[in-house]
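Remarks on the structure that follows.
To find a chain, count down the sequence lines: A is the first, B the second, and so on, and within it residues start at 1.
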Number of protein chains: 2
Amino acid sequence: MAKRSTTTEPAIDSTEQKIFDAAHEVFSQKGMDGAKMQEIADRAGINKALLHYYYRSKEKLYEMVARAILNKAVSAVREVLEKEMPLEEKIRRFIETYIGVISRNTFIPLFIISEINKHPERFFATILPQDLPKPHLFFQQVEAEIAAGRIRPIKPQHLLVHIISMCVFPFVGKPMMAVLLGMRPAKMQTFLKERTAEVTQFVLAALRPQ
Amino acid sequence: MAKRSTTTEPAIDSTEQKIFDAAHEVFSQKGMDGAKMQEIADRAGINKALLHYYYRSKEKLYEMVARAILNKAVSAVREVLEKEMPLEEKIRRFIETYIGVISRNTFIPLFIISEINKHPERFFATILPQDLPKPHLFFQQVEAEIAAGRIRPIKPQHLLVHIISMCVFPFVGKPMMAVLLGMRPAKMQTFLKERTAEVTQFVLAALRPQ
DNA sequence: GCAAAAATTAACCAAACGGTTAAACCTTAT
DNA sequence: ATAAGGTTTAACCGTTTGGTTAATTTTTGC
């Protein structure tokens, strides 16, 4: 048996970590079904049996990787959403950090969405983190600003979904957008870099009263 | 050999059609990798060999189904986007029809996006329709309205991506949104029904000059 | 230094998968 | 009625896949 501590993380060059990294790559690109254990082993540069030595089964390995991916996505959102700060600044920061996280890990949203759709039970039971972002404070802030007449009336839940959609979807649907807009990869990249500013401007304009 | 006409569609209760429908269900839920020929056969209530009798291989069956799914999605968008009408009306109609199509076929976007990511070559070579929507007219209209001072300045490509994102993403990420917003399925359904009005209002507010 | 433990490998296994085949069944035109 | 051709099935085949085993190599504790 491998002596694996649950608290300490293994060294970056350890076999266990190499497996995890390779699995991370393959799973996030191909999902649970598309990923093959042999490919993960090859990419980690080790024998296939070692996968089962360190992580008992494909399912277990998948759960580990998926949980790590989820956590990265969730913690980034939560931090901004729950912190105390003026609404406009919060919106600005939320869009900035959200697009930042996604653009550095473009596979995350598609991975989450695909896997939820294919295996909802497993996802909600064993992969989804317990400490989800609580948008309650954000909703309260929006309603307070509306009451004070500082922003146009809007249902806060829809506002949040508007923002998340505009931040996430262009990265999820990047290839489709590129075709629709007739942009080559290079042009598409600059286009996506502009989004932080464009989304922020758009949201604030839509909230401006009158 | 089955005498299959390429022009006439087979009767709804024909074996060929039953296979197609079953394949449509399974492929759209599980994608190419996740779908199993046996499951398609079972759901169609026929022997597995019949799949190969009517559609030569899994790949061919997949291509048929995928093309049908794509066409439905694409043609709906194109119609509104290319038709001549005032910009505000076009935006209203675009959002309405877009959300309409998606909400009646919630699996379409995720299917397209997933499959593009896994097999870009196959997708662009054999599945994507040739006659894609041309957003050129829409872009011209937006720029004309900006020049006339009737809407706030905005890059038309970003506007289009904003709109599409807000229309599509809530359906794609529905389970995730439900968790984040703490909504049960019933509540989520009413929430999604509100989106047509909410998105329209939001976009028009963001475009209002001043 | 050496034995015990951990790490790694090659070879193998059973199940699942896409696909094939040959025979049986059904329809229909004469 | 019957032969021909289209339709459907059960059984089978080769390959791939996740997983196991037994043996080998490397590391570690004393």
Measure from OH on B:Tyr55 to P on C:dG19 and round the result to the nearest Å. 15 Å
Protein-nucleotide distance (A:Lys58, atom NZ; C:dA16, atom C1'), rounded to Å: 12 Å
Tell me the interatomic distance from A:Tyr62, atom OH, to D:dT17, atom P, rounded to whole angstroms. 18 Å
How close or far is atom P of D:dT9 from atom CG of B:Leu50, stated in whole angstroms? 5 Å
Short side-chain N/O contact from B:Thr15 to OP1 or OP2 of D:dT8, under 4.0 Å: yes
So, with a heavy-atom separation below 4.0 Å from DNA chain D, the residues of residues 27-43 of chain A are A:Ala35, A:Lys36, A:Met37
Counting heavy atoms not belonging to A:Glu79, are there more than 12 under 6.0 Å from its CD? no
A:Glu84 atom CD, neighbour heavy-atom count above 12 within 6.0 Å: no
Do you see a donor-acceptor pair shorter than 3.5 Å between the side chains of A:Gln141 and A:Lys90? yes
Whether the A:Glu63 and A:Tyr55 side chains hold a donor-acceptor pair (N or O, under 3.5 Å, no angle test) is what I'd like checked. no
Out of D:dG19, C:dT21, C:dT8, which has the shortest distance to the side chain of A:Tyr53? C:dT8
Over how many whole Å does the gap from B:Tyr54 atom OH to D:dT8 atom P extend? 4 Å
Please state how far atom NZ in A:Lys18 lies from atom P in C:dA7, giving the value in whole angstrom units. 13 Å
Here's a test of your reading of the structure: between B:Gly45 and B:Lys48, which maps to the more 5' nucleotide of DNA chain D? B:Gly45
Distance, rounded to the nearest Å, where B:His52 contributes NE2 and C:dG19 contributes P: 4 Å
Consider salt bridge (Lys or Arg N to Asp or Glu O under 4.0 Å). Of A:Glu88, A:Glu89, A:Glu96, which one does A:Arg92 pass it with? A:Glu88
Check: residues 162-174 of chain B side-chain donor-acceptor pairs under 3.5 Å, at least two apart:
| residue | atom | partner | partner atom | Å |
| --- | --- | --- | --- | --- |
| B:His162 | ND1 | A:Arg195 | NH2 | 2.8 |
| B:His162 | ND1 | B:His158 | O | 3.4 |
| B:Ser165 | OG | B:Val161 | O | 2.7 |

B:Ile46, nearest nucleotide to its side chain (from D:dT9, C:dA6, D:dG18): D:dT9
Expressed as a whole number of angstroms, how long is the span from B:Asn47:CG to C:dC26:C1'? 16 Å
Applying the salt bridge (Lys or Arg N to Asp or Glu O under 4.0 Å) test to B:Lys30, which of B:Glu25, B:Glu115, B:Glu39 qualifies? B:Glu39
